[in-house]
Amino acid sequence: MPENLFHFIAGDFYEGTPVRVGQVVNPATEMVIRHVPYASTVDVDYATTKAQTAFLEWATTPPAARAKILLKWQHLIEQHMDQLANLIGQEHGKSKDEAIGSITRGLDVLTYAIGIPTALMGQYSQDVGRQVDSYSIRQPLGVVTAITPFNFPVMIPLWICSIAIACGNTVLLKPSERNPSCTLLLAELALKAGLPPGVLNVIHGAHETVNALLEHPTIQAVSFVGQTATAEHIQKTAIAFGKRVQAFGGAKNHALVMPDADLESTVDAILGAAYGSTGERCMAISVVVAVGDSIADQLIERLTPKIKALKIGCYTEGNIEMGPLITKEHRQKVLSYIEDGIIQGAHLIVDGRISSFPEKGYFLGGCLFDHVTPTMHIYQEEIFGPLLAVMRVATYEDGLRLINDHRYANGGAIFTRDGDTARNFCTHVQVGMVGVNVPIPVPVGYYSFGGWKRSNFADHGMHGMEGVRFFTKLKTVTTRWPSGIRQGVEFSLPTVSSRNISHD
Ligand code: NAD
C-alpha cells in the first residue's frame with residue numbers, strides 16, 4: 001500500500017478535497033506508516049452520485065450473474081490472503097493466524113452471498129381470489145453505507161458488503177480510519193473480479209464523514225458496527241434522516257462455569273476467548289461467572305500460569321498469541337481500568353503491566369481479576385482489552401440473574417456437562433448469541449449475527465437471511481388478466497368473497 005491513501009470511487013482512486021488528513025500508525029512500532037484523507041461532504045456527494053449511477057444497472061443484473069462475480073471475488077481474496085493478513089498485522093497488530101482466521105470468517109459470509117439467487121426467491125400463490133394471483137419479491141434498496149470498526153478490518157466489511165451487493169445494492173464502505181488499507185485491497189479485487197465500477201466504493205474518514213453519509217438524501221440504509229455510544233448516535237441520526245438502519249454496539253460477554261464443567265477444556269476455551277486478539281473482540285469473554293468457590297479456585301489456579309506465559313509481540317515475529325492494543329490512548333484507557341479495579345477492591349491475580357513484552361508499541365500483558373462484584377466499573381463497562389474478571393456466585397440461578405441484569409447482551413456461554421442446565425440456559429439467558437461449551441458463539445454465515453439490549457440497535461441481524469431482509473424491500477404483487485367477464489364497479493375494499501375478486 002502506498003504511503004498516501006486515496007478513496008476508491010467508481011473503480012478509480014480519488015483524492016477529493018479532504019476535511020483533514022489522518023495518520024495510520026503501526027501499533028507494534030508506534031510508527032506513522034500511512035496518511036489517509038477524511039472525506040468532505042463534497043467527496044461524499046461525489047461518491048454517492050457514482051454509486052447511484054451504478055445502482056441503476058446493478059439492481060437489474062440477474063442475481064445469478066451477481067453471484068458469479070462474487071465467486072471470482074472470493075477466489076481473488078483467497079489468493080491475496082497473505083497480503084491482507086499482513087496489512088491487518090501492520091495496521092491492527094493481529095497475529096497472522098488470527099488475521100487469517102478473521103478473513104476466513106469474512107469469506108464464510110461471502111459464500112452465503114454467492115447463494116443469493118435462492119435467498120431472493122419470493123413466494124407465489126395462485127387463485128388468492130377467482131382468477132387473481134399474488135407473488136412477493138425482494139428488491140434492493142439503492143445506495144447503502146457500511147461504517148465499520150477497527151477490530152475486524154476485513155471480516156466485518158465482508159459481512160456487510162457481500163450481502164448488500166449480492167442483493168443488488170451499491171455500497172459506500174467507510175472503514176475505520178485506524179486501519180483503512182485492507183478495504184482498498186478488497187475493493188480493487190472486487191473490480192478485478194468483474195464487479196462494475198461504482199458498486200463497491202471505499203470512502204475514508206472519521207465522524208465528519210460519517211455524519212455527511214448519514215445526512216445524504218440518496219443513501220437509503222446504514223449498517224454500522226462499533227462502540228455503543230456511536231451506535232446510538234448512528235441509529236438516532238439515520239432514523240431522523242429517514243434511513244433504514246442497523247447499528248451493532250459494544251459488549252460484555254459472560255462465561256457461566258458450572259461445577260461439573262470439563263475443567264481442562266474450559267480453561268483453554270476461556271483463555272483463547274478472553275485474550276485472543278488482545279481482548280479486542282466484541283465476542284470476547286470478559287467475565288467468568290464461577291458457580292461455587294471450588295470451581296473458581298480451580299479455574300484461577302489453572303488460568304494463572306497460562307496467562308503469564310502468553311506470547312506477546314509484533315505480528316512479524318510469528319507464533320505470537322497477543323499483539324498490541326490499537327492505540328496509545330486505548331492502552332491508557334485499559335490501564336486506567338486496572339487501577340480502578342484495584343481501588344474498588346477486586347483482587348489482581350495476574351498483573352499484565354509487568355508481563356514481558358516489547359518496550360515500543362502499545363503492548364499489555366493479560367490481566368486477571370478475582371472477586372469482582374456487580375457494581376465495579378471493570379464489570380459494568382466494556383474494556384476491550386486483555387482483562388478477565390472472575391465473579392463468584394453460589395448457584396446457577398444467581399449466575400443467570402447476574403448475566404441477565406447486565407446492560408450489554410451480545411453473547412454468552414455456559415460450560416457444563418449437564419443437558420438440563422444447558423437447555424435452561426439457552427432458553428432463559430437474555431443475550432443474542434449463546435454457546436454451550438463454545439466460548440465465542442459467532443454464528444456461521446447462513447445464520448445471523450446480533451446481540452440484544454445495548455449491544456444492538458437493529459431490527460435485523462447481520463448476514464444470513466436477516467442480512468438479506470435488511471438489504472431488500474419486500475414487494476407484493478396482485479395480478480388479474482382480462483377474461484371477458486365484466487367486473488363492475490366496487491367501492492368497498494375487495495375481499496375474497498367480494499364481486500371484484502370472486503366474480504360472484
Ligand atoms: P467506534 O465506534 O469508535 O468506530 C466505529 C466506526 O464509527 C468507525 O468507522 C469510526 O470512524 C466511526 N465513528 C467513531 N466515532 C464516531 C462518531 N462520533 N460519529 C460518527 N462516526 C463515528 O468503534 P471502534 O473503536 O472502531 O470499534 C470497537 C467497538 O466496536 C467495540 O465497542 C466493539 O465491541 C464494537 N464491535 C461490535 C461488534 C458487534 O457486532 N456488536 C463487532 C465488532 C466490534
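First listed ligand is number 1; within each ligand, the first listed atom is number 1. Numbering of residues begins at 1 and proceeds along the displayed sequence.
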With heavy atoms only and a cut-off of under 4.0 Å, state how [X] meets ligand 1: side chain, backbone, both or neither.
X      : result
Glu382 : side chain
Thr228 : neither
Arg178 : neither
Met283 : neither

Is a salt bridge present between [X] and [Y], judged by a nitrogen-to-oxygen distance below 4.0 Å?
X      : Y      : value
Lys311 : Glu317 : no
Glu381 : Lys333 : no
Glu339 : Arg353 : yes

Under 4.0 Å from any heavy atom of [X], which atoms of ligand 1 are there?
X      : value
Phe224 : 2 (O), 5 (C), 6 (C), 7 (O)
Ile147 : 6 (C), 7 (O), 9 (O)
Phe449 : 39 (C), 40 (O)
Glu177 : 10 (C), 11 (O)
Val210 : 20 (C), 21 (N)
Phe248 : 39 (C), 40 (O), 41 (N)
Asn410 : 41 (N)
Lys174 : 8 (C), 9 (O), 10 (C), 11 (O)

Does atom [atom1] ([X]) have a neighbourhood of more than 12 heavy atoms from anything else shown, all under 6.0 Å?
X      : atom1 : value
Asn4   : CG    : yes
Phe241 : CZ    : yes
Lys243 : NZ    : yes

[X] to ligand 1: N or O pair under 3.5 Å?
X      : value
Gly249 : yes
Gly226 : yes
Gln227 : yes
Ile234 : no
Thr148 : yes

Nearest protein heavy-atom contact for [atom]: which residue, which atom, what distance?
atom                    : result
atom 26 (O) of ligand 1 : Phe150 N, 3.1 Å
atom 27 (O) of ligand 1 : Pro149 CB, 3.3 Å
atom 28 (C) of ligand 1 : Phe384 CE2, 3.6 Å
atom 44 (C) of ligand 1 : Asn151 OD1, 3.3 Å
atom 13 (N) of ligand 1 : Thr230 CG2, 3.7 Å
atom 5 (C) of ligand 1  : Val225 O, 3.6 Å
atom 19 (N) of ligand 1 : His207 CB, 3.4 Å
atom 39 (C) of ligand 1 : Cys282 SG, 3.5 Å

Checklist entry - Do the ring centers of Tyr379 and His254 come within less than 6.0 Å of each other? => result yes
Checklist entry - Any chance the rings of His377 and Tyr337 have centres within less than 6.0 Å? => result no
Item to check | Validation row: Asp340, Ile343 side chains within 4.5 angstrom (heavy atoms) | outcome: no
Next on the checklist: A side-chain contact here means heavy atoms from C-beta on lying under 4.5 Å apart; do Val225 and Ile160 qualify?
Outcome noted: yes
Which value, rounded to the nearest 0.5 Å, describes the distance between [X] atom [atom1] and [Y] atom [atom2]?
X      : Y      : atom1 : atom2 : answer
Leu325 : Phe384 : CG    : CZ    : 10.0 Å
Ile219 : Asn169 : CD1   : CG    : 12.0 Å
Arg178 : His330 : CZ    : NE2   : 10.0 Å
Asp45  : His216 : CG    : NE2   : 3.5 Å

Item to check | Residue pair Asp108 / Thr111, side-chain donor-acceptor N/O under 3.5 Å | outcome: no
Checklist entry - Think Lys174 forms a cation-pi with Phe224, using NZ or CZ under 6.0 Å from the six-ring centre and within 45 degrees of its axis? => result no
Item to check | Any donor-acceptor N/O pair, Asn201 side chain to Ile9 backbone, under 3.5 Å | outcome: no
Consider ligand 1: state whether an atom of it lies below 4.0 angstrom from any non-hydrogen atom of [X].
X      : result
Phe152 : no
Gly451 : no
Ile156 : yes

Checklist entry - Heavy-atom distance from atom 9 (O) of ligand 1 to the protein below 4.0 Å? => result yes
